[in-house]
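Quick note on labels: first sequence line is chain A, next is B, and so on, each numbered from 1. These numbers come from the heavy atoms of this one structure, side chains and all, not from hydrogens, waters or symmetry mates. All values derive from a computational prediction rather than experimental measurement.
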Number of protein chains: 4
Amino acid sequence: MRKQPSQARSRATVDAIIQAGARILADRGWAGFTTNGVADVAGVSIGSLYQYFPDKLSLVEAIRRHHFDEVLAVMRGTRKGERSLSQQVEALVQGMIEAHSVNADLHRVLLDEVPGHDGSSRRAHDAFLAEYQDHYKAFVASYGNSDGSSNAEIVAQLLSGAVEGVIHSAARKGILSSPELKQELILMICAYLRRPDF
Amino acid sequence: MRKQPSQARSRATVDAIIQAGARILADRGWAGFTTNGVADVAGVSIGSLYQYFPDKLSLVEAIRRHHFDEVLAVMRGTRKGERSLSQQVEALVQGMIEAHSVNADLHRVLLDEVPGHDGSSRRAHDAFLAEYQDHYKAFVASYGNSDGSSNAEIVAQLLSGAVEGVIHSAARKGILSSPELKQELILMICAYLRRPDF
Amino acid sequence: MRKQPSQARSRATVDAIIQAGARILADRGWAGFTTNGVADVAGVSIGSLYQYFPDKLSLVEAIRRHHFDEVLAVMRGTRKGERSLSQQVEALVQGMIEAHSVNADLHRVLLDEVPGHDGSSRRAHDAFLAEYQDHYKAFVASYGNSDGSSNAEIVAQLLSGAVEGVIHSAARKGILSSPELKQELILMICAYLRRPDF
Amino acid sequence: MRKQPSQARSRATVDAIIQAGARILADRGWAGFTTNGVADVAGVSIGSLYQYFPDKLSLVEAIRRHHFDEVLAVMRGTRKGERSLSQQVEALVQGMIEAHSVNADLHRVLLDEVPGHDGSSRRAHDAFLAEYQDHYKAFVASYGNSDGSSNAEIVAQLLSGAVEGVIHSAARKGILSSPELKQELILMICAYLRRPDF
DNA sequence: GATGAATGAGGATTCATTCAT
DNA sequence: GATGAATGAATCCTCATTCAT
């Protein structure tokens with residue numbers, strides 16, 4: 001950011017810009033994301049936008065940080081310490097569904113469309129992905145079986161990919177809230193983690 | 001398309017344009033995809049491009065159709081009629097991996113970046129997704145268990161989402177060819193399909 | 001330049017752009033030199049301008065090359081081989097006045113206002129200045145006195161600065177064509193070159 | 001100026017703004033001279049700047065007046081009353097070099113880059129140039145030869161142009177302090193003023 | 001049919017200036 | 001008096017598309 005907003009008024013402006021930017025990114029995608037459009041929707045002048053964000057990318061970075069914080073907050077809020085495996089899995093799946101329900105369109109655009117995060121922005125993005133993966137690794141670890149832990153990485157990768165994919169495609173079809181799908185996903189994960197040769 | 005290429009030369013021109021477009025889309029993404037750029041790489045004039053494609057979207061549609069045809073051809077080529085469940089699953093997974101290896105970058109851009117398919121293009125895209133899902137439905141059906149068939153739809157949805165997600169995230173990390181991941185994915189699907197309460 | 005104009009029409013366009021640019025630069029200075037303004041005056045669209053010049057600086061470079069070529073052509077046209085010193089000096093002074101009469105405003109703006117010529121443009125500019133100085137060095141050398149030639153450099157520097165300055169300030173006052181001033185300038189140079197201790 | 005600074009604090013503010021403006025003008029040229037930038041460097045708010053200067057041009061005028069005052073002060077300080085011609089000429093040249101050494105970059109920018117002095121600013125600028133020329137006229141007059149005094153004007157014009165030009169070009173080449181060049185310049189002027197036919 | 005010159009709406013960004021606090 | 005948030009006209013540049021040759 002170019003300038004720290006010190007007065008209340010400017011903080012409100014910055015917030016309005018970020019909200020409007022998130023809205024436009026979610027609704028129109030990266031190609032439809034124009035700084036003039038953001039300023040318009042935010043109800044501020046284009047000059048005000050550039051007073052706080054040196055360029056388009058730094059704005060999208062701010063939006064990204066904002067969104068990731070929310071998503072991570074939801075994920076961290078997932079209740080822990082369940083007894084049975086299926087309860088643990090249900091908590092995980094439920095948490096991811098909720099996390100994905102936080103502005104799912106924005107999430108997709110941020111991950112898929114927004115181009116080259118270079119430099120400092122890369123770190124923020126990687127930090128998010130790292131914590132994201134850690135969520136799965138922690139889960140796999142907590143399941144605590146005694147086999148070669150070298151597998152944990154792969155298993156976490158598999159689980160995150162599968163859960164992500166199922167939720168993603170369900171979101172696209174508008175059936176994210178389907179209880180049957182959720183139930184089947186839970187069953188699949190449980191079956192996988194319980195398989196005899198694990 | 002504006003015009004059907006009737007002569008051999010015209011067909012060669014159209015092919016060159018589609019190839020060049022696919023190349024650019026894969027290499028530079030949707031944001032780097034310009035009609036002038038495509039014409040340049042194709043070695044034809046911008047006027048010729050517009051002789052065959054009325055606008056940018058119709059060009060990207062042609063590219064999409066072209067690519068989806070290839071992908072479906074690979075998927076259809078997956079060997080069928082295996083005996084054991086795990087052999088069938090392995091065939092499925094292997095087929096999907098191969099399908100995703102057909103110009104994976106182009107695939108990702110077409111699915112993630114290229115914006116709103118409206119009108120006729122929508123149909124083509126949906127037809128692809130339908131056949132894609134049918135592949136899974138056929139697989140689930142062929143596993144042929146006798147329980148409530150109302151579940152088949154959900155199970156296909158789950159499987160396609162999970163497989164897609166795992167392959168997608170692996171592709172992003174450049175580990176699409178990891179045998180361990182593939183093995184775990186097969187294990188997960190087998191475990192799921194074999195679960196006692198199915 | 002971004003593109004070589006191959007057809008006659010495009011060559012005319014490029015010429016019109018360069019002429020208009022030179023005009024605007026001379027009339028309004030670097031600060032008043034806008035690409036849209038140039039396109040307007042040239043009677044072409046802004047798009048055409050950018051078809052041939054990748055950016056504002058490359059346009060100003062083309063203008064510079066064009067102008068320097070003209071100036072050097074005039075300087076080279078100065079008749080050589082005079083007998084007496086004062087005839088030689090008169091030829092020199094006359095040549096410089098004529099060279100400076102070639103779009104004097106443009107000359108001033110190009111030398112004084114146009115910012116940082118980096119890279120390849122630098123070379124063109126330096127080449128001009130070098131030939132410019134060479135003109136003086138050749139003159140000093142041709143005067144052929146036998147004293148330490150290590151002075152030739154300094155003398156050339158002095159002469160070019162003095163002649164340039166006189167012509168420059170005369171141009172500003174609109175008295176470039178004053179015969180008296182020219183005569184005095186010739187006298188000064190002759191007196192200097194004839195001084196006893198030279 | 002919009003307002004006369006009456007209190008000490010105000011005067012300090014105005015001074016800071018002028019200093020900062022001169023600094024920026026010298027360092028970054030006219031193109032890099034922005035009111036917000038000046039306010040920043042001066043350590044005052046942009047609002048304060050506009051409290052004292054109604055617009056950008058009035059600020060640059062103040063800077064110009066300030067600088068010209070300094071230069072004239074240096075020129076006036078040149079010691080007078082030397083005996084021999086060459087001593088007088090040396091004093092003149094030395095004075096001009098010193099005057100040009102007072103913030104040479106700022107001087108160049110003010111003379112070459114800053115655009116159109118209209119209205120009241122024109123007067124200030126002309127007053128400076130007049131006094132500048134007067135310096136030379138006084139010098140020519142003091143040399144007091146008895147020939148047609150109608151020449152004095154021309155001779156002053158020639159001398160100021162030549163001295164200015166030599167110093168200017170030397171400054172550009174970074175050899176303003178070269179004693180040889182200075183010596184040659186003095187020689188040239190002496191030779192000119194001593195020429196038999198004067 | 002093919003060419004490529006020309007077009008101009010649209011989008012990112014700057015900066016002089018105003019005005020509420 | 002001072003502050004700095006807000007403004008928006010102006011500028012550079014891109015790229016989809018048209019059309020004369």
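Whole-Å rounding puts the B:Leu59 CG to F:dC15 C1' distance at 14 Å. Across the protein-nucleic acid pair, C:Tyr52 atom OH and F:dT14 atom P stand 16 Å apart, rounded to whole Å. For the pair B:Ile46 CD1 and F:dT18 P, the interatomic distance rounds to 11 Å; values are reported in whole Å. Protein atom OH of B:Tyr50 is 12 Å distant from nucleotide atom P of F:dC15, rounded to whole Å. At whole-Å resolution of the value, CG in B:Leu49 and P in F:dC15 are 15 Å apart. When the P atom of E:dA12 is taken as reference, atom CD1 of A:Ile24 falls 10 Å away, rounded to whole Å. Counting to the nearest Å, the C1' atom of E:dT7 and the CD1 atom of C:Ile17 are 13 Å from each other. Between the C1' atom of E:dA12 and the CG atom of C:Asp55 lies a distance of 16 Å, rounded to the nearest Å.
Within 4.0 Å (heavy atoms only), A:Arg2 reaches sugar-phosphate atoms of the nucleic acid but no base atom. At a threshold of 4.0 angstrom between heavy atoms, the contacts of A:Thr35 include nucleobase atoms, whether or not backbone atoms are also involved. Within 4.0 Å (heavy atoms only), C:Ser48 reaches at least one base atom of the nucleic acid. If you check every strand for non-hydrogen atoms under 4.0 Å, A:Phe53 touches nothing.
Between E:dG1 and F:dT21, the distance separating the two P atoms is 22 Å to the nearest Å.
Taking for each of C:Ser10 and A:Arg9 the nucleotide of DNA chain E with the nearest heavy atom, the 5'-most of the two is the partner of C:Ser10. Summary of the strand contacts: A:Gly47 and D:Ser45 both lie near DNA chain F, and taking for each the nucleotide with the nearest heavy atom, the more 5' one is attributed to D:Ser45. Closest-nucleotide positions on DNA chain F for B:Lys56 and A:Gln7 were compared, and the one nearer the 5' end corresponds to A:Gln7. Where C:Gln51 and D:Ala31 meet DNA chain E, the nucleotide closest to each residue was compared, and C:Gln51 sits on the side nearer the 5' end.
With a cut-off of 3.5 Å on both pairing distances, the Watson-Crick or G-U wobble partner of F:dA20 is E:dT3.
Donor-acceptor pairing under 3.5 Å, judged by distance alone, is present between the side chain of B:Asn36 and the base of F:dA16.
Ion pairing of D:Arg172 with C:Asp112 is present here, as a side-chain N (NZ or NE/NH1/NH2) and a carboxylate O approach within less than 4.0 Å. With respect to the salt-bridge test (charged N to carboxylate O, under 4.0 angstrom), the residues B:Arg11 and B:Asp15 do not qualify. Salt bridge present: C:Arg23 and C:Asp27 bring a charged side-chain N and a carboxylate O closer than 4.0 Å.
Within the 4.0 Å cut-off from OP1 or OP2 of E:dA6, at least one side-chain nitrogen or oxygen of C:Thr13 is found.
If you run side chain to side chain contact (heavy atoms under 4.5 Å, CB included) between D:Tyr52 and each of D:Ile18, D:Val44, D:Leu59, D:Thr13, only D:Thr13 comes through.
Using cut-offs of 30° and 60° on the angle between ring planes, the pair A:His107 and A:Phe128 is perpendicular.
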